[in-house]
Amino acid sequence: MNTNPKPLFAAIDQCMLADRHRLRMRLRRLKGKPLSMIAAEIEVSQQKRQQRQANLPIPTYPEELPVSERRAEILAAIQEHQVVIVAGETGSGKTTQLPKICLDAGRGVTGLIGHTQPRRIAARSVAARIASELQSELGHAVGYKVRFSDHTRPESYIKLMTDGILLAESQTDRFLNQYDTLIIDEAHERSLNIDFLLGYLHQLLPKRPDLKLIITSATIDTERFSQHFSNAPIITVSGRTFPVEMRYRPLQAEDDDDQDRDIQQAICDAVDELAREGQGDVLIFLPGEREIRETTETLRKHHPSHTEILPLYARLSASDQNKIFQSHKGRRIVLSTNVAETSLTVPGIRYVIDPGLVRLSRYSHRTKVQRLPIEKISQASANQRAGRCGRVGAGICIRLYSEDEFLARPEFTDPEIKRSNLASVILQMKSLQLGDIENFPFVEAPENRLVTDGYKLLEELGAVDARKQLTGSGRQLAKLPLDPRVARMVLAGKDENSLSEMLIIASALSVQEPRERPHDKQQKADEKHKAFVDDKSDFIAYINLWRIYHEQSKHLTNNKLRKWCRDNFISYMRMREWHDVHVQLKSVVRELGWTLNQQSVGFDALHRALLAGLLGNVANKNDKKEFTGARGIKLNIFPGSVLFKKAPKWIMAAELIETGRMYARTVAKIEPEWIETVAADLCKRSYFEPHWEKKPAAVMVYERLTLYGLLVNPRRKIHYGRINPVDARELFIRGALVEGEFNTRAGFFEHNRKMIADIEALEAKLRRRDVLVDDQVLFDFYDKRVPDDIFDGRRFEQWYKQTEQKQPKFLYLKKEDLMLHQAVAVTEVQFPNSLDIEGMTLKLDYHFEPSHAEDGVTLTVPLPALNLLRPQRFEWLVPGLLHEKICQLLKSLPKSIRRNFVPVPNFADACLEALAVTDSALLESLQKQLLRMTGVKITNMDWDLIS
DNA sequence: GAGCACTGC
C-alpha cells in the first residue's frame, strides 16, 4: 500500500489551479491512509491541464493594429513581471489583442484568463470579437459572464466579464483560483468596482505569486497604477486615431465692445463655424435631458433646413437611441449627455462641440445626501470628448471655454470612491474579512469622513455595531446583491413576513425607472400610469405595475407584450431587467432559507419593513407645509410622486437626491409610531418632569423622542424606574413615604402617619415649627432602610411583606426619630385637648398658621350650649399659651409703666403662677396681681390691645 | 413642478 504522499504533493503542482488547494487539503487530511482515491482525482486534474495545453489556440494578429507591433515587448513584460500596465488610446487594439498575447505567453492553461470590462455590452461584444479572431464559437474558447447569464465552459481559455462579476466571485473564491491571469480593462474609468478590485488584487498578489495581472488604461494617470503595484512597468501603445484640431471659443467676449454670449448662442455659433468646414456629423455634449431639449429647440429654429437633430441620453427608449446608428442624408447633429463620452460610440462624428459641463454625482458629507450638481469637466474628460471626433478622419473640437481655463481645470475627474457613500464597499470588505477600510490598499484612499459616514449608515441599518464590527444581520445583508438600504428592507421583509412584496420593490429600486415619460407626451404617459397608482405609497405602485404586467405577460405573445408596454409608456427592456433581478433575488433568498409569504401582507406591515431601510430618509411636514428630514435638511416631494399634491404629515423616501432642490423620490406615508418600533435603538430620548403618581403607585416621567433631530413624539408618559432607578427611588421615597401620597395597608404607614400627626399637633399647641424633624430626616430614615432596587409601589409592597416577617416594625418611626428636642412644656395641663366648662367637655383644636382663619386655639361648642358660655373665660386661653399672651400684654404697656416689669418673661411667669383661671376678665386679674407685686397701678386704658 | 453614467453576491 502506498502511503507516501510526497510524490502526490509534487503532482498537485501540475494540476489545474482551481483544484490545487482542495487537493492539497484532502491529501493532508488523509495521513497514512490509502492514497488511491485522491491519486485518481489528481490524475484527472493533471490530464485536464495537459489537454488544455494541447488545445491551446494559436492566435494571429491583425498587423494594422498598433498593439501588434509591440507584441514581443508586452509578452516579455508579462513573463518577467507579475503586474504590467498597458496604456493605450482607443483604436490601439489593446482590448482585443492583450488576451491573445497572454495565450502566447502560455497563460490560460492552468487557469482562465479573466478579462474585465466596465459594462455588460462591452463584455459581450469584446468576447464575440476575440472569439471570432480565434476562429472559435462564442462561449467555447472565449466565453463571457455578465449578470444573469454565464456563457463560459470548462474548456474556455478566456473569460470576459464585468468588473462587478469578478468582484462578486471574490466573495466565494477568495484567491480567485480559477484564473491564472487577470486583465482589468479601462482602469482609468476608476469606478467603485475597479478601485475596489485594484485594492483587492494588491493584497492578493503576494498570496498568488503565479497570478499575472495586466491593467489597461487610457494614457492618463498610468503612473498612479504603476506606483500602486510596486512600480510595475508601463507599456504605452499609440492609438490609431486621427488628429483633432482644438479651437477655443470662450463665452466671454474678447473685445470689450462685444457682448458675452450664453451657451445656446455659443453652440449656434459653433455649429455655424463647423458648417463652413464642410460635411460631417456633429456631437454636442450637454449635462442633462433639459439642456438637450432646450438646445434642440434653439437649433431647430436656427437650422430649419435638412439638418437632422438627434437627442441621446440613457433614459431614452432603445428605439430612439438606435436612431444614431441609422444612415441618414445631410448633416446630423447629436446632442448627448456623458453616455457618448464612454458608454456609447456615436458613429461617423467629425466634429465635437464641448461646453465643458457635466452633471456629476457627488455625496454630500454635510447633508448625507447624494447630489447631482453641474460641474466643469476635468482635462481628462475634455480630452476624451475631443477624441470622439478623431475616429473616422481628422476632426475639429470646439471648446466653449478658453485654453487658459482648460489648463486651470483639474487634471482628472475625481474617482467615484471619493464621491460616494461607502457603506456598500465597507459592508463587502467586512464580509470578506479584508480588515479595516482605513488600511485597505486603495489606489487612492477615500476621505476619512466618507468612511465615517459609510460606517454610520451601516450602523443605522444594524449591519455593524458601535465598535464597527459586522453583526449577524450585517452578514446577511452582505449576501444580498443590493444597495445596503434596500438589502435591509428585504431582511425586515423576511421578519415581517412580507418577502413576496418586498422582493418586487427591492428589485424595482435596483433597476432604472421602467415608466417612461417622453417630454412631448407627458400627459398621455401620466394618464396611463394612473392605472398603477396607490394614493398613499409610490412603493405600492411598483407592486401594482408588476402584477398588471405579469398578468398581461401570461396571455400575450412577446410582440403583443412589447406593444402593451409601448401603449402604456413602459420600458419593455427595463421590465425585463426588473424581472431578471427579481429572479436572482428569489434564488439568493431561497439559498438563505427564507420563505416567501403566500398571503398578501397589509400596508402597515409592508411599510414598516420598508422603513427599516429608510430611517435616514424620513421627513416631517411643518405648519408651513415644508418638509424637514434627518439632521434638519429641508426637502420637497418629487413632483412625480403620488404624494406630491396632498402630502401627509410624515413620509419616508426610497432616496433623497439634491438636484435643483432637495427631492424625496419614491415616497410613502408613514405613522410616526412606526419609527418608535422600527428604530427603538436609533431614536434619541430625553426625559423631563419626573414625578411620583399616587394612582399607578409609580414614578412617572415624560419622554421626548427624536430621530436625527426629528420630533417623533414630544411627550409620552412612561415609568421612570427602568430609566433611572436611582432618581426614581428617591422620588418614590419622597412622594410615597415622606409626603405620604401612597395607598397602602402596610402597618408602618398608618403608624408613622399618626406619629407625625401627633407631633404636628404638638407644634400647633406650642405655636412653633421646630419640633418635628424636617423632611430630609424622614427621607434619610427611609433611605437607609429601603433597598436600591425599590422604586415603585409594587416593588415596595413585595419587599415590605418579606422584610416585615423577619423584622417586625422595622419601618416604624419612633418619637425620638421625629422630634428635634424634647418638648417638655407640652403637657396635658399646659395644652389640654378639652375644656370642662359648665359641666360640659368641649374639644380644643390647635392650629399654627398665622393669618389663617383657624390660627390659634379653636373651641368647638354645640350650638345650644353657646349662650351658657361667658366670654371672659376665653381670655385665659390654655395655660401653655397664657405665658406668651401675658408677655405680649406687658410689652404693650406704655414705656413709663412697662419699665417696672423688666424682665418681662419673669414677671409673666410670676403672674402665671399666682393667678388661677377664673371667670373674671384676664386684664383685671393681671392689674390686681401686678399692683400687688410692684405697687404700680395699671388701668384698662394702658393696655394696647390692637397691636 | 422634474435626474449624469454605469454595475452586482
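In what follows, chains carry the letters A, B, and so on, assigned in the order in which the sequence lines appear, proteins first and then strands, with residues in each chain numbered from 1. Side chains included, hydrogens not; waters and symmetry mates left out as well; all remaining heavy atoms used. Owing to the predicted nature of the structure, the values given are computational and were not obtained by experimental measurement.
- Within the nucleic acid shown, Leu482(A) comes within 4.0 Å of at least one base atom, counting heavy atoms only.
- Distances were taken from every side-chain heavy atom of Phe638(A) (C-beta onward) to each of dA5(B), dA2(B), dC9(B); the shortest belongs to dA2(B).
- Rounded to an integer number of Å, the gap from CD of Gln512(A) to P of dC4(B) is 12 Å.
- In the interface, the side chain of Glu169(A) is not paired with the base of dC9(B) through any donor and acceptor atom under 3.5 Å apart.
- As judged by a 4.0 angstrom heavy-atom cut-off over every strand, Arg661(A) is placed among residues touching the sugar-phosphate backbone only.
- For the pair Arg359(A) and Lys479(A), both in contact range of DNA chain B, the more 5′-proximal nearest nucleotide belongs to Arg359(A).
- If you check dC6(B), dG1(B), dC4(B) against the side chain of Arg119(A), the one that comes closest is dC6(B).
- Among the atoms of the strands shown, none is found under 4.0 Å from any heavy atom of Ser191(A).
- With respect to Glu416(A) and Arg190(A), no salt bridge is recorded, no charged nitrogen being found less than 4.0 Å from a carboxylate O.
- For the pair Leu316(A) CG and dA5(B) C1', the interatomic distance rounds to 14 Å; values are reported in whole Å.
- Here dG8(B) is the nucleotide among dA5(B), dG1(B), dG8(B) with the atom lying nearest to any side-chain atom of Ser424(A).
- Comparing dT7(B), dA5(B), dC4(B) by their closest approach to the side chain of Glu289(A) singles out dC4(B).
- Under the rule for a ring-ring contact (aromatic ring centres under 6.0 Å, His included), Tyr363(A) has no partner lying at least two apart in sequence or in another chain.
- Between the side chains of Gln370(A) and Ser361(A), at least one donor-acceptor pair of N or O atoms lies under 3.5 Å.
- Rounded to whole Å, the distance from CG on Asp150(A) to P on dC9(B) is 10 Å.
- Rounded to whole Å, atom C1' of dC9(B) lies 13 Å from atom CG of Leu477(A).
- Residue-level contact check: Glu655(A) touches the bases, meaning some heavy atom is under 4.0 Å from a base atom.
- Among the nucleotides dG1(B), dA5(B), dG8(B), the one closest to the side chain of Ala314(A) is dA5(B).
- As rounded to whole Å, 7 Å separates atom P of dG8(B) from atom CZ of Phe148(A).
- Note on Val339(A): only backbone sugar-phosphate atoms sit closer than 4.0 angstrom, heavy atoms only; bases stay farther off.
- Geometric assessment of Arg409(A) against the ring of Tyr401(A) yields a positive cation-pi assignment under the 6.0 Å and 45° thresholds.
- With dG8(B), dC4(B), dC6(B) as the candidates, the nucleotide lying closest to the side chain of Leu372(A) is dC4(B).
- Contact annotation for Ile657(A): base contact, defined as any heavy-atom pair under 4.0 Å involving a base atom.
- Among dG1(B), dA5(B), dC9(B), the nucleotide with an atom closest to any side-chain atom of Phe644(A) is dG1(B).
- When only modelled atom types and interatomic distance are considered, Asn338(A) and Arg359(A) share no side-chain donor-acceptor pair under 3.5 Å.
- Trp578(A) has its CH2 atom 19 Å from the P atom of dG8(B), to the nearest Å.
- For the OP1/OP2 pair of dC4(B) and a distance below 4.0 Å, the side-chain nitrogens and oxygens of Arg362(A) include no atom meeting the criterion.
- Across the interface with DNA chain B, nearest-nucleotide mapping of Val588(A) and Pro287(A) shows Pro287(A) to be the residue nearer the 5′ end.
- Comparing atom distances between the Ala168(A) side chain and each of dA5(B), dT7(B), dC9(B) picks out dC9(B) as nearest.
- Here Asp173(A) pairs with nothing under the salt bridge (charged side-chain N to carboxylate O under 4.0 Å, His left out) rule; sequence neighbours left out.
- Across all strands shown, Glu513(A) has no heavy atoms under 4.0 Å from either base or sugar-phosphate atoms.
- Side-chain N/O atoms of Arg290(A) and base N/O atoms of dA2(B) include no donor-acceptor pair closer than 3.5 Å.
- Counting non-hydrogen atoms under 4.0 angstrom, Gln476(A) reaches nothing in the nucleic acid.
- Nucleotide dA2(B) holds its P atom 17 Å from the CD1 atom of Ile292(A), rounded to whole Å.
- Candidate nucleotides dC9(B), dC6(B), dG1(B) were compared by shortest atom distance to the side chain of Pro639(A), and dG1(B) ranks first.
- Between the C1' atom of dT7(B) and the CD atom of Gln428(A) lies a distance of 11 Å, rounded to the nearest Å.
- When distances are taken from the side chain of Val146(A) to each of dC9(B), dA5(B), dG8(B), the shortest belongs to dG8(B).
- A salt bridge links Glu169(A) with Lys145(A); the closest basic N to acidic carboxylate O contact falls under 4.0 Å.
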